[in-house]
Amino acid sequence: MAGISSINADYKKRYGFRDTVKPVFRTGKGLSRELIKEISAMKNEPKWMREFRLNSYEIFLKKNPPSWGPDLSQANFEHITYYLKSSDRPERKWEDVPEGIKRTFDRLGVPEAEKKFLGGVGAQYESETVYHHLKESLEKQGIIFCSTDQALQEHEEIFREWFGKIVPPSDNKFAALNSAVWSGGSFIYVPKGVEVKLPLQAYFRINERAMGQFERTLIIVDEGAKVHYIEGCTAPTYSSDSLHAAVVEIIAKKNSQVQYTTIQNWSNNVYNLVTKRSHAYENARVYWLDGNIGSKATMKYPSVYLMGAGAKADLLSIAFANKGQHQDAGGKVFHLAPNTSSRIVSKSISKGGGRTSYRGLALVKKGAKNSTVSVKCDALMLDKFSRSDTYPSMKIDENDATVSHEASVGKLSDDQVFYLRSRGLSESDARSMIVLGFIEDFVKELPLEYAVELNRLVKLEMEGAVG
Amino acid sequence: MGKLEVKNLYVSVEGKEILKGVNLSLQQGEVHALMGPNGSGKSTLSYALMGHPKYKITQGDILLNGESIAKLSPEKRAQKGLFLAFQYPTEVQGISLNRFLLNANKSLGKISDSEKGNPTIKEFLANTKSSAKDLSMDESFLQRYLNVGFSGGEKKLSEILQMSVLKPKFALLDEIDSGLDVDSLKLVGAAINRMRGKDFGALVITHYARILQHVKPDKVHIFIDGKIAQSGGPELAQKIEQKGYEFVK
């Protein structure tokens, strides 16, 4: 127990701190048509967007939450603050960001990372983007990287062409909720043939208690272009629960490449219910790396629709569920064209009574000839109190598809630990090494800085495994 | 010179008594062979000496240079210079043999935990490479995940490589010869012989006298039913080879 409370102590120190920031504007708790109109008006949105929001709200009210997955009965939608604005506008320089907010991102190391290895950074605090900057050299190449609100104002044409097309509001209850109250998120457009060499990153921060964050991200990668987008997120630890319901839509056009990397490290009072989906056209490649360490309950299944011949999808995910956490994650691939290939690799670790579920779908439609599907999901349980389930699903309508599926569920073995200890490693180092080895295939795909950070987080979660 | 002593050792596994009063004294500079039939408790002895938590010492003691190590964790025993080459080494995904050895060396305090490019790490890497070469192991072996997909023989070579790199004071080699072909057996024998010297003692645990043709033991112990039934010189091994274990009983 001492070990587990020491994890929280470190989370508090590193990410779980809370700043006192006086909001510029906030709605009351709960949700209504009036409130949605108010948000839309304040954002000065075109009429079509207001209608889109109100229509989505109707869908949200009608739709039932999923009958499967984590227990959401404790999530109280009435007590959530749906919109909270902490600064007047997204700034382009950190020194212009209000002091209290800037301090938060300094402590999280965001400006430092930007200097070192990022091509552009967006920072969202509660509902709104407070900082957005893209290197000038990238701007000159015609790359757009701004908040999604700003994109609606400044690039309405391309925005409207794709917004809500990949994930329609009717997709699920939380996608409908996001569509009704969305605010912030990243918009990326990469022009034809442009390769963005440095990753772009967005950091999402919740500070207030019982807060709802509903960012909306839209990424359009034009023909032959290439981009890597990274998102991170944290929040303070409160006894009252917060809600994070994001929607991410990606369009990968012919011959393009997109990598989307998430290190989700919400505090253990956040419900993380996210819909992420991409369309990959001819010979495009979508690479999804999804790491889930934090949150109370996560439901997230990044999916790729392989729309064009030769398109490729890679979905690599890890989930770590500690005490009181349920990580329900996985991935979905839809083969809709010939010669498409997909690879799903999922690694999950549960500890201290935590629960992980792998939920996946691989579908090969009639006509998607010569497709290749590979699914591998491995679960590792660190003690007898923890739980792991897999819910794989496959629908293959073409005879010539090459399909492989492997699944394993294992317990951390005493003999493995003893073997490593006999070489001088302490028990906790031995256990950490086994767990880090278990997720190595994922970690090695990350940029070095994130690999180091993820290894650190996992080691931290492993503390308290002993004694 | 250092000494590993086992004094009247009784060990139980899950309530079942396996070792029934083992007495043994191994000096640095010596190689002893421990021979015995299947199920006599040879592996139990090696696990108990290394400190596997499942193996409970109910009586007796283990001394390293006169100091009891019976209550120490396996890692503490390793840090004091004890090494066990496992009969069945376990596999660890995602950790290369090289990375594992580097971490083990750090844990043993043999490399300082500093940045890449540190000369001591370089030395370590070079040393590991040359040890691999001595065992006719391809360099790519070092990049493979620890024992994952290794053949039986490769696993044994990997154990010997680890021993060569970690340079223990005392090595317990549990059936290091099983599953080895003639050529590999020669390589393993040569590697053990290279380690021999005043700073190294080894207990070679085996069924057969075969490996003892490559590694000449100073003493041979016959292990039957949880204790040493007879001790003697190398000629004892020959006798076992000819007559089996029956004559001791």
Side-chain angles (χ1 to χ4, degrees), chain A residues 291 316 318 320 345-349 376-383 406-446 448 451-452 454-456 458-459 462 465-467, chain B residues 14 43 46-55 72-97 99-111 113 116 145-148 155 158-159 161-163 165-168 171-172 174:
Chain A
L316 275 61
I318 58 156
F320 197 124
V345 180
S346 157
K347 304 264 179 180
S348 66
I349 301 152
K376 189 174 191 299
C377 46
D378 299 319
L380 181 64
M381 287 179 284
L382 301 189
D383 52 53
E406 288 174 54
S408 77
V409 179
K411 284 210 167 81
L412 190 81
S413 96
D414 291 341
D415 286 338
Q416 251 181 344
V417 174
F418 176 64
Y419 184 67
L420 300 186
R421 290 177 80 187
S422 79
R423 301 297 188 252
L425 274 71
S426 71
E427 184 171 359
S428 72
D429 282 353
R431 293 172 69 101
S432 287
M433 182 176 265
I434 293 164
V435 170
L436 292 176
F438 179 72
I439 59 169
E440 170 66 12
D441 288 344
F442 178 87
V443 173
K444 73 181 181 202
E445 304 284 343
L446 293 174
L448 181 65
V452 170
L454 186 69
N455 279 345
R456 198 191 64 77
V458 168
K459 271 189 189 157
M462 288 302 295
V466 183
Chain B
E14 287 160 355
S43 287
S46 69
Y47 274 133
L49 292 180
M50 200 67 230
H52 194 299
K54 261 193 205 157
Y55 294 73
L72 296 184
S73 64
E75 56 270 31
K76 281 271 155 31
R77 297 182 200 200
Q79 283 154 18
K80 287 189 180 295
L82 208 56
F83 177 91
L84 169 61
F86 285 65
Q87 186 183 357
Y88 303 109
T90 56
E91 302 185 354
V92 183
Q93 280 290 348
I95 303 293
S96 71
L97 183 53
R99 181 169 157 198
F100 171 58
L101 280 170
L102 184 61
N103 273 287
N105 253 311
K106 282 181 183 172
S107 297
L108 296 173
K110 293 183 177 177
I111 298 181
D113 194 0
K116 250 191 191 165
Y145 292 156
L146 185 55
N147 297 327
V148 177
K155 281 183 180 168
S158 156
E159 293 294 287
L161 173 73
Q162 292 176 41
M163 178 184 77
V165 172
L166 300 176
K167 298 194 172 52
L172 313 165
D174 191 4

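Note: hydrogens, waters and symmetry copies are ignored here, and every other heavy atom, side chains too, is used. Keep in mind that what you see is a predicted model, and the values were worked out from it rather than measured. Quick note on labels: first sequence line is chain A, next is B, and so on, each numbered from 1.
With a 4.5 Å cut-off on non-hydrogen atoms, B:Y47 touches chain A through its backbone and its side chain both. The contact between B:P89 and chain A is made by backbone and side chain atoms together, counting heavy-atom distances below 4.5 Å. With a 4.5 angstrom heavy-atom cutoff, B:E91 touches chain A only via backbone atoms. Using a 4.5 Å cut-off between heavy atoms, B:L146 touches chain A through its side chain atoms alone.
For A:E440 against B:G94, the heavy-atom pair with the smallest separation is CG-O, 3.4 Å. Summarising the geometry of B:P53 relative to A:F418, their closest heavy-atom pair is CD-CD1, 4.1 Å, with the distance given to 0.1 Å. Taking all atoms of both residues into account, the shortest heavy-atom contact from B:P74 to A:S422 is CB-N, 4.3 Å.
B:N147 and A:Y419 share a donor-acceptor pair across their side chains, judged by distance under 3.5 Å alone. Donor-acceptor pairing under 3.5 Å is lacking for the side chains of A:D414 and B:H52.
Heavy-atom pairs under 4.5 Å with chain A were tallied for B:N103, B:L166, B:N105; the largest tally goes to B:N103. Put simply, of B:P168, B:A78, B:S73, the one with the most heavy-atom pairs under 4.5 Å next to chain A is B:A78.
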I would like to know whether A:L420 and B:V92 meet side-chain contact (heavy atoms from CB on, under 4.5 Å); could you show each step before the answer?
CA-CA 9 Å; A:L420 300 186; B:V92 183; 4.1 Å; yes

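The CG atom of A:D415 lies 8.0 Å from the CZ atom of B:F86; values are rounded to the nearest 0.5 Å. Remark: B:T90 OG1 to A:I434 CD1 distance equals 7.5 Å, nearest 0.5 Å. Distance CD/B:Q93 to CG/A:L380: 11.0 Å, rounded to 0.5 Å.
Contact of the A:R423 side chain with the B:S107 side chain is not registered, since no non-hydrogen atoms from C-beta on lie closer than 4.5 Å.
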